[in-house]
Amino acid sequence: MQRIIKFTFILILIFTIGIFYLSLKKDNNYSTVNLVGKKIHNVKLESFEEDKLFTLEDLKKNNFTLINFWASWCAPCRAEHPILMNLNKTQKLKMVGVNFKDKKKNAESFLNDLGNPYDFIARDELGKQSINFGIYGIPETILINKELLIIKKYVGPLNKQDYYKILEIVSNL
Amino acid sequence: MKIKIYILTIIFIFNISHIFGKDIDKNLIYKNLRCLVCQGQSISDSNSDFAQTVKLVVNDLIKQGKSEDEIYSFMADKYGEWIVYKPQLNKQNFILWLFPYVILVSGGLIILYQFRKKREKT
Amino acid sequence: MLSNLGNLLLFLSAFLSLSLIYFSFQCLKESQELIHSKIFQISLVQSTVILACFFTLIAAFIISDFSLINVYQNSHSAKPLLYKISGTWGNHEGSLMLWVIILVIFSFLFLIKNKLHPKKFRLYTLIFQNIIILGFLFFILFNSNPFTSISPVPKEGLGLNPILQDPALAIHPPLLYLGFVGSSIYFSAAMAALITDYSDKSFALSIKNWVLISWVFQTLGILVGSIWAYYELGWGGFWFWDPVENASLLPWFAMTALFHSLIVLEKRNLFYFWVIILCLMTFILSVTGTFLVRSGILNSVHTFASDPGRGIYILSFLSLLIFGSIFLFFKKYCAKNYSINSNSKETFVLINNWFMMFYLLTILIGTLYPIFTDALTDSKISVGPPFYNAVIFPVVVAFLIFMAVGPNTKWIKNRFDNLINLIIIAVVAIAINFAIFYFFKSYTILSNLIIISSLFLIISSLNDLIKSIKKSNIDLARIISHISFGFLVFFIGLNHNFSIERDLNMRVGETKKFHNYQIKFKNLKLKDYDNYKAIIGNLEVENIKLGDKKTLNPEIRIYENPRTLTYEAAIKTNFIKDYYLTMSNIDRSEFYNIKFQKKPMMIWIWISVLFLTLGGFLRIFKNAKNN
């Protein structure tokens with residue numbers, strides 16, 4: 001009996017130390033990048049221009065939709081903008097831009113200066129919509145497919161590699 | 001007397017943690033959500049953009065009549081379990097919730113065992 | 001120059017440690033009972049050298065010698081002198097120096113203070129302690145050297161994080177380290193006792209004051225830490241169940257269990273092996289805590305810049321401690337037959353230990369669980385306040401009742417003669433509780449039970465006090481500590497139940513009302529200080545019912561070195577309540593986020609903890625006098 005207790009005790013300790021060792025090598029900064037494969041629901045995006053709503057039905061029409069959260073006051077958004085412009089050239093990809101906590105005037109002049117890559121622009125003045133998509137800081141971009149599953153999440157500005165990756169996913173269909 | 005104390009203790013442990021008020025306290029919910037863009041702060045303590053937005057959404061959800069737990073699972077669904085400070089009782093976390101009580105009960109049993117040993121001797 | 005001097009002194013201390021171990025083994029071979037005077041001398045020299053080394057580092061901070069990387073990274077020439085000095089231990093490398101100093105000085109004091117104990121026991125304690133010292137000296141020398149130099153020499157330092165520039169945080173680390181590093185000495189003593197079969201109650205006598213000293217400082221360290229968190233973090237709370245806070249609480253529970261068990265070992269010669277386990281456990285938990293904090297595997301408010309190399313070193317050292325002590329313990333352990341009566345003091349000490357282990361293990365698993373799930377299933381979870389509150393607080397109720405009943409029992413005897421007395425006390429406690437809740441109107445069953453049980457403990461301890469004064473046989477230390485613990489829980493209970501909190505978004509000039517309060521945002525001022533700029537809000541809080549007006553001035557500070565934004569809470573304290581107000585700007589808008597809190601009985605929470613340690617101090621002095 002005593003031997004069993006000793007043995008299990010030592011095993012537990014070795015196990016714990018092993019776990020500590022493994023965790024040393026892990027990155028412990030939290031990111032939602034890996035939260036993919038989830039279905040999005042309950043989407044009602046207000047259009048930027050007119051009194052129109054963008055809903056799940058609209059999203060289902062496209063094979064792939066790239067939803068990008070941006071604002072004119074966000075410097076990294078400016079940085080990723082050329083990549084979005086390039087992505088716009090792909091026919092297979094619909095692009096939705098959600099204007100996050102921004103003033104309409106500023107957003108308009110931002111797009112006038114840098115060009116408009118989006119097929120549809122939505123307004124999210126209070127930022128509430130961002131929570132529905134699991135966004136916690138902009139720029140953030142999510143790629144969804146026809147079944148409304150999130151296939152890819154990008155936290156922070158898109159870069160060249162992301163660009164090629166997105167093209168690859170989209171053209172593989 | 002002794003036995004009464006033991007019975008009372010057991011009642012405390014197994015019941016009291018479940019008796020809480022039914023009113024939804026939004027400050028409590030803010031406190032139990034982690035601000036993802038801050039260092040170890042709750043939504044309640046933080047004033048970041050993210051925290052502000054979450055507060056608005058939580059208020060909306062309360063207005064829609066969602067319960068506290070429903071709000072937590074909503075947030076956990078969007079951002080992962082990391083965002084809730086109260087780990088949900090599920091397959092992955094049941095050891096966490098069970099272990100303290102196992103310790104409590106087995107500690108009590110060890111002490112009782114000491115008396116029994118003594119009674120056998122006398 | 002200081003870099004070379006520091007390194008030299010570090011190597012010298014390592015050499016002295018080695019020679020202490022060598023001479024101790026030499027001395028063990030000899031048959032005489034006396035310890036060589038040589039050993040005392042080396043130990044004294046070692047203490048002097050390590051202190052000199054520490055003062056060298058402090059000097060480097062005072063004169064802002066940026067040729068040391070450590071000074072460059074953590075100081076700035078424009079910093080006030082106090083914070084230049086406290087900056088020495090405000091960082092990883094410097095704080096390790098503090099570690100080693102406490103290890104060395106405790107080693108020396110233990111050696112000279114325990115003349116009545118056998119030579120073998122004292123020498124083995126010295127040997128084990130010096131093995132630990134060497135472990136840390138190597139860590140400093142080869143991984144975290146505060147004397148590493150940099151070239152070319154930078155003109156200016158990077159500065160210390162402004163929220164760490166604070167008097168409470170200047171003394172927090174030394175206090176806390178005296179606590180948990182101090183526990184090393186009874187770890188070594190327990191190992192020595194195992195090796196030399198020193199298993200009677202005189203072992204208890206040799207370590208009991210050391211346990212109390214470390215407990216008192218650990219408690220004070222935790223207290224200062226929470227006071228700092230209360231006024232500096234600006235969240236209005238004082239305990240967040242943050243992993244780093246938990247790491248300081250774990251050894252505290254082990255110490256508390258330990259000094260209660262030591263009483264039994266001393267008086268009745270029971271629980272020897274349990275006491276040894278607790279001694280070993282306290283220090284192992286301290287090192288585990290250090291590992292968790294310094295390796296950066298935990299996600300916490302209190303982050304040290306982390307580096308996996310450190311983690312691996314501390315982890316190896318920790319494994320050595322754990323397996324070394326377990327090996328020795330299992331080798332020497334033999335089951336002993338205890339006979340205990342169910343109503344004796346021994347039983348209640350066991351019950352104390354039972355609860356302490358419950359708290360300890362609950363907090364331990366809560367702290368480690370996220371690490372486990374992350375490593376095993378790759379899913380990150382958070383274990384925060386709701387978990388601890390739900391699991392721990394219901395159990396506190398039972399604990400307080402046992403704590404009230406326990407001290408009234410006798411050693412060995414099996415008798416319960418004061419049942420009626422206890423019932424009266426319980427009735428009074430319940431009556432007071434309902435008076436409080438009737439008056440303030442707030443109600444949950446759990447908070448009622450917590451307040452009743454804390455009142456029960458307070459009243460029954462007061463009752464003890466009166467009785468023991470009559471018999472002129474006062475155990476003042478115990479009574480003070482128990483009463484203060486009762487008050488601590490009582491005030492935390494009141495504070496938790498009757499706090500008011502309001503989150504408002506306001507513009508300058510606006511006025512808002514809620515409950516009985518009215519807040520007026522009068523104006524904003526901009527001020528320039530030496531090392532920061534401040535935006536100072538001017539707000540008036542009025543209790544409409546009482547017509548009582550208070551002006552509060554929260555600040556937003558903009559520091560330059562390093563560039564940081566901090567929010568300073570405005571706190572108005574009096575004996576009944578604190579007003580706590582923070583102000584922060586909301587990005588891209590003219591609104592400010594104003595968070596107002598009323599925290600009743602805040603100051604009494606701090607005072608209760610102070611009295612708790614006062615009990616500890618009294619016991620230490622009494623013990624010292626009796627020896």
Side-chain angles (χ1 to χ4, degrees), chain B residues 1-2 5 8-10 12-21 26-28 30-34 38-42 44-49 52 55 76 80-88 92-93 95-97 99-104 107-108 110-112 114-115 117-119 121-122, chain C residues 233-237 240 242 299-303 337-343 347 350-351 353-355 357-358 361-362 365-366 369 373 377 379-387 390-395 397-398 401-402 405 416 419 443-446 449 501 503 567 584-587 593 595:
Chain B
M1 179 62 197
K2 201 79 242 173
I5 292 179
L8 275 179
T9 320
I10 290 164
F12 281 148
I13 294 150
F14 288 101
N15 289 332
I16 284 161
S17 52
H18 305 294
I19 306 172
F20 283 112
K26 59 181 182 184
N27 275 329
L28 184 76
Y30 298 163
K31 283 216 163 75
N32 291 350
L33 293 173
R34 183 191 278 267
C38 328
Q39 266 297 347
Q41 265 172 302
S42 72
S44 164
D45 302 323
S46 163
N47 191 39
S48 60
D49 249 331
Q52 298 270 349
K55 283 179 193 170
E81 279 194 70
W82 178 248
I83 198 169
V84 281
Y85 272 124
K86 184 178 186 172
Q88 288 161 315
Q92 185 187 268
N93 299 339
I95 298 177
L96 172 72
W97 285 98
F99 178 81
Y101 296 107
V102 171
I103 292 296
L104 194 66
I110 290 171
I111 294 179
L112 283 178
Q114 303 280 339
F115 304 146
K117 239 177 21 188
K118 183 235 159 189
R119 238 169 260 155
K121 264 197 329 199
T122 45
Chain C
L233 292 181
W235 310 342
F240 303 97
D242 179 87
N299 219 301
S300 146
V301 212
H302 317 248
T303 38
N337 268 321
Y338 298 128
S339 80
I340 309 170
N341 273 314
S342 55
N343 273 331
T347 308
L350 269 187
I351 290 176
N353 279 221
W354 170 33
F355 282 98
M357 289 303 114
F358 165 75
L361 292 168
T362 303
I365 194 171
Y369 208 76
T373 58
T377 66
S379 77
K380 282 185 154 63
I381 65 162
S382 304
V383 180
F387 169 77
V391 177
I392 286 179
F393 283 108
V395 180
V397 175
I401 291 170
F402 282 123
V405 178
F416 233 119
L419 194 58
Y443 185 84
T444 63
I445 294 177
L446 180 60
L449 283 172
E501 189 175 331
D503 213 5
Y567 304 96
S584 47
N585 51 316
I586 296 175
D587 288 345
N593 182 264
K595 201 163 141 193

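Labels below follow one simple rule: chain letters A, B, ... track the order of the sequence lines, proteins then strands, and each chain is numbered from 1.
The parts of B:S44 that come within reach of chain C are both its backbone and its side chain, each placing non-hydrogen atoms under 4.5 angstrom from that chain. When heavy atoms are compared at a cutoff of 4.5 Å, B:Q88 does not approach chain C at all. Contacts between C:N585 and chain B at a heavy-atom distance below 4.5 Å involve the backbone alone (N, CA, C, O). Heavy atoms of B:L28 lying under 4.5 Å from chain C are absent altogether. Heavy atoms closer than 4.5 Å to chain B are found in the side chain of C:Y369, but not in its backbone. Using a 4.5 Å cut-off between heavy atoms, C:S584 contacts chain B through both its backbone and its side chain.
A salt bridge does not link B:D45 to B:K31: none of the charged side-chain nitrogens sits closer than 4.0 Å to a carboxylate oxygen.
Between the side chain of C:W354 and the backbone N or O of B:I110, no donor-acceptor pair lies under 3.5 Å. The main-chain N or O of B:G80 is never found under 3.5 Å from a side-chain atom of B:W82 such that the two would form a donor-acceptor pair.
The heavy-atom pair separating C:T362 from B:P100 by the smallest distance is OG1-CB, 3.4 Å.
Side-chain rings of C:F387 and B:Y85 stay apart, their centers remaining 6.0 Å or farther from each other.
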